[in-house]
Amino acid sequence: MPDGIPLDDIFEAAIREYGAERETLRPLAEARYDTSIFPTTGQYDWFSGQALYCLVRHRKPEAVVEISTSSGYSTLFMGLALRKNGKGRVDTFEMNARSAAAAERNFRRWGVDPFIRVHVGDARRSASADTGRDPGILFLDSLHTEAFAAWFIERFVLPAPADTLFHMHDIMPPDARVRKFGGPPFPPPRPDRLLLRLKNRLRGRAPSDEELPPGEKNLFPPDASSPLPAYDGNDTTEARFGNRLAARIGPDDKAYCHHLADRFPALAPREYDGRVIGRLDRAGRPMEWNESLWTRCGPLAAAYRSEAPGGKPG
Ligand SMILES: C[S@@+](CC[C@H](N)C(=O)[O-])C[C@H]1O[C@@H](n2cnc3c(N)ncnc32)[C@H](O)[C@@H]1O
């Protein structure tokens with residue numbers, strides 16, 4: 001625990017101090033599924049977005065690195081917090097030029113463009129040696145593969161100060177029990193989906209479909225609380241990698257928003273559950289999953305180095 005404060009307590013303090021500003025975020029939640037504003041994939045659940053805003057307010061970072069932007073939804077929570085802080089900048093990366101253009105429109109629309117620099121192109125090439133020097137927050141929500149996450153960790157996490165906060169999106173705690181689009185059971189992937197997945201992999205693009213074949217997901221049979229089978233919500237190799245690393249990190253240095261959400265009723269974390277697309281709880285009711293893992297760069301770097309057989313070079 002580098003700065004001696006459990007991560008849960010950091011969330012607690014951030015939300016206590018800045019949760020009252022949450023109404024300024026509501027227009028984002030209201031517009032979340034409006035494709036004329038956010039035309040491309042991604043996005044962020046209501047509790048996770050509020051917590052992100054509060055963390056940025058609380059930590060007052062000079063620099064944030066976000067990969068990737070998509071239409072700018074998650075970036076906007078950070079941009080609004082930086083504007084209120086009166087300082088700091090997000091360097092955000094997006095390889096899809098159409099998404100990046102939509103994001104830039106949104107940053108102007110919400111008046112946060114002075115606090116955000118958009119880099120268009122493959123982040124693995126467009127991140128200059130200077131990007132993310134001494135960052136306060138590193139935000140990963142991009143190509144959800146283990147290889148991409150490993151690149152991000154090597155490029156940004158290993159050189160970062162131990163207290164820098166790291167975020168991974170689209171990851172659920174291993175004990176989660178949820179359903180998606182009515183499954184499991186999941187139908188076998190359609191052949192055209194398999195082809196698309198292969199093409200995406202060759203082009204180095206984000207998978208447009210779940211990456212793990214249904215048989216490889218962690219499936220759980222019906223239990224006493226629901227007659228339906230469930231799974232842990234982890235669909236990608238990145239999520240599995242993230243959980244392997246998280247298992248090596250102590251409880252005070254990691255926090256899953258899926259667990260945190262219901263501990264902060266003042267943020268009305270369930271307010272937008274009814275609008276969510278495709279996400280269900282174990283009983284089949286709509287649910288925002290809050291698919292975020294937060295940790296710190298010091299413990300994450302140590303976990304990463306010890307994860308590979310023989311350890312990673314320091
Ligand atoms: C899940 S979305 C990001 C969602 C976004 N954070 C939001 O709140 O809406 C993932 C994005 O990563 C982008 N992407 C994938 N690989 C990338 C790369 N190598 N460099 C930059 N962007 C990349 C995709 O184009 C896609 O827009």
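When reading the values below, keep in mind they use all heavy atoms of this one structure, side chains included, and skip hydrogens, waters and symmetry mates. Counting convention: from 1, in listed order, for ligands and their atoms alike. All residue numbers in this chain count up from 1 along the given sequence. Only a predicted model underlies this, so the values are computations on that prediction, with no experimental measurement involved.
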For ligand 1, does [X] get within less than 4.0 Å through its side chain, its backbone, both, or neither, judged by non-hydrogen atoms?
X: Thr69; result: backbone
X: Phe38; result: neither
X: Arg124; result: side chain

So, do [X] and [Y] sit near enough that their side-chain heavy atoms are less than 4.5 Å apart?
X: Asn106; Y: Thr75; answer: no
X: His258; Y: Val178; answer: yes
X: Phe220; Y: Asp232; answer: yes

[X]: numbered ligand 1 atoms lying under 4.0 Å from its heavy atoms:
X: Leu143; answer: 15 (C), 16 (N)
X: Asp122; answer: 18 (C), 19 (N), 20 (N)
X: Gly121; answer: 20 (N), 21 (C)
X: Gly42; answer: 1 (C), 4 (C), 9 (O)

Mutual orientation of the aromatic rings belonging to [X] and [Y] [parallel < 30°, tilted 30-60°, perpendicular > 60°]:
X: Trp46; Y: Tyr272; answer: perpendicular
X: Phe77; Y: Tyr44; answer: tilted
X: Phe93; Y: His119; answer: parallel

Report, one line per pair, each donor and acceptor closer than 3.5 Å where one atom sits in a side chain of residues 53-65; sequence neighbours left out.
{"residue": "Tyr53", "atom": "OH", "partner": "Glu21", "partner atom": "OE1", "Å": "2.5"}
{"residue": "Arg57", "atom": "NE", "partner": "Glu21", "partner atom": "OE1", "Å": "2.9"}
{"residue": "Arg57", "atom": "NH1", "partner": "Asn85", "partner atom": "OD1", "Å": "2.6"}
{"residue": "Arg57", "atom": "NH2", "partner": "Glu21", "partner atom": "OE2", "Å": "3.0"}
{"residue": "His58", "atom": "ND1", "partner": "Glu17", "partner atom": "OE1", "Å": "2.8"}
{"residue": "Arg59", "atom": "NH2", "partner": "Asp163", "partner atom": "O", "Å": "2.9"}
{"residue": "Lys60", "atom": "NZ", "partner": "Tyr18", "partner atom": "OH", "Å": "2.9"}
{"residue": "Lys60", "atom": "NZ", "partner": "Arg57", "partner atom": "O", "Å": "2.5"}
{"residue": "Glu62", "atom": "OE2", "partner": "Lys87", "partner atom": "NZ", "Å": "3.2"}

Pairing residues for Thr131 by the side chain to side chain donor-acceptor pair (under 3.5 Å) criterion, not counting sequence neighbours: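 Scan of Thr131 (side chain to side chain donor-acceptor pair (under 3.5 Å), adjacent residues dropped) gives Ser128.
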Geometry only, no angles: is [X] polar-contacting ligand 1 at N/O separations under 3.5 Å?
X: Asn96; value: no
X: His144; value: no
X: Ser99; value: no
X: Ile67; value: no
X: Phe139; value: no
X: Ser68; value: yes
X: Ser74; value: yes
X: Asp170; value: no

If you count heavy atoms of other groups shown closer than 6.0 angstrom to CZ of Arg98, is the number above 12?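 Open: at most 12 neighbouring heavy atoms sit under 6.0 Å from CZ of Arg98.
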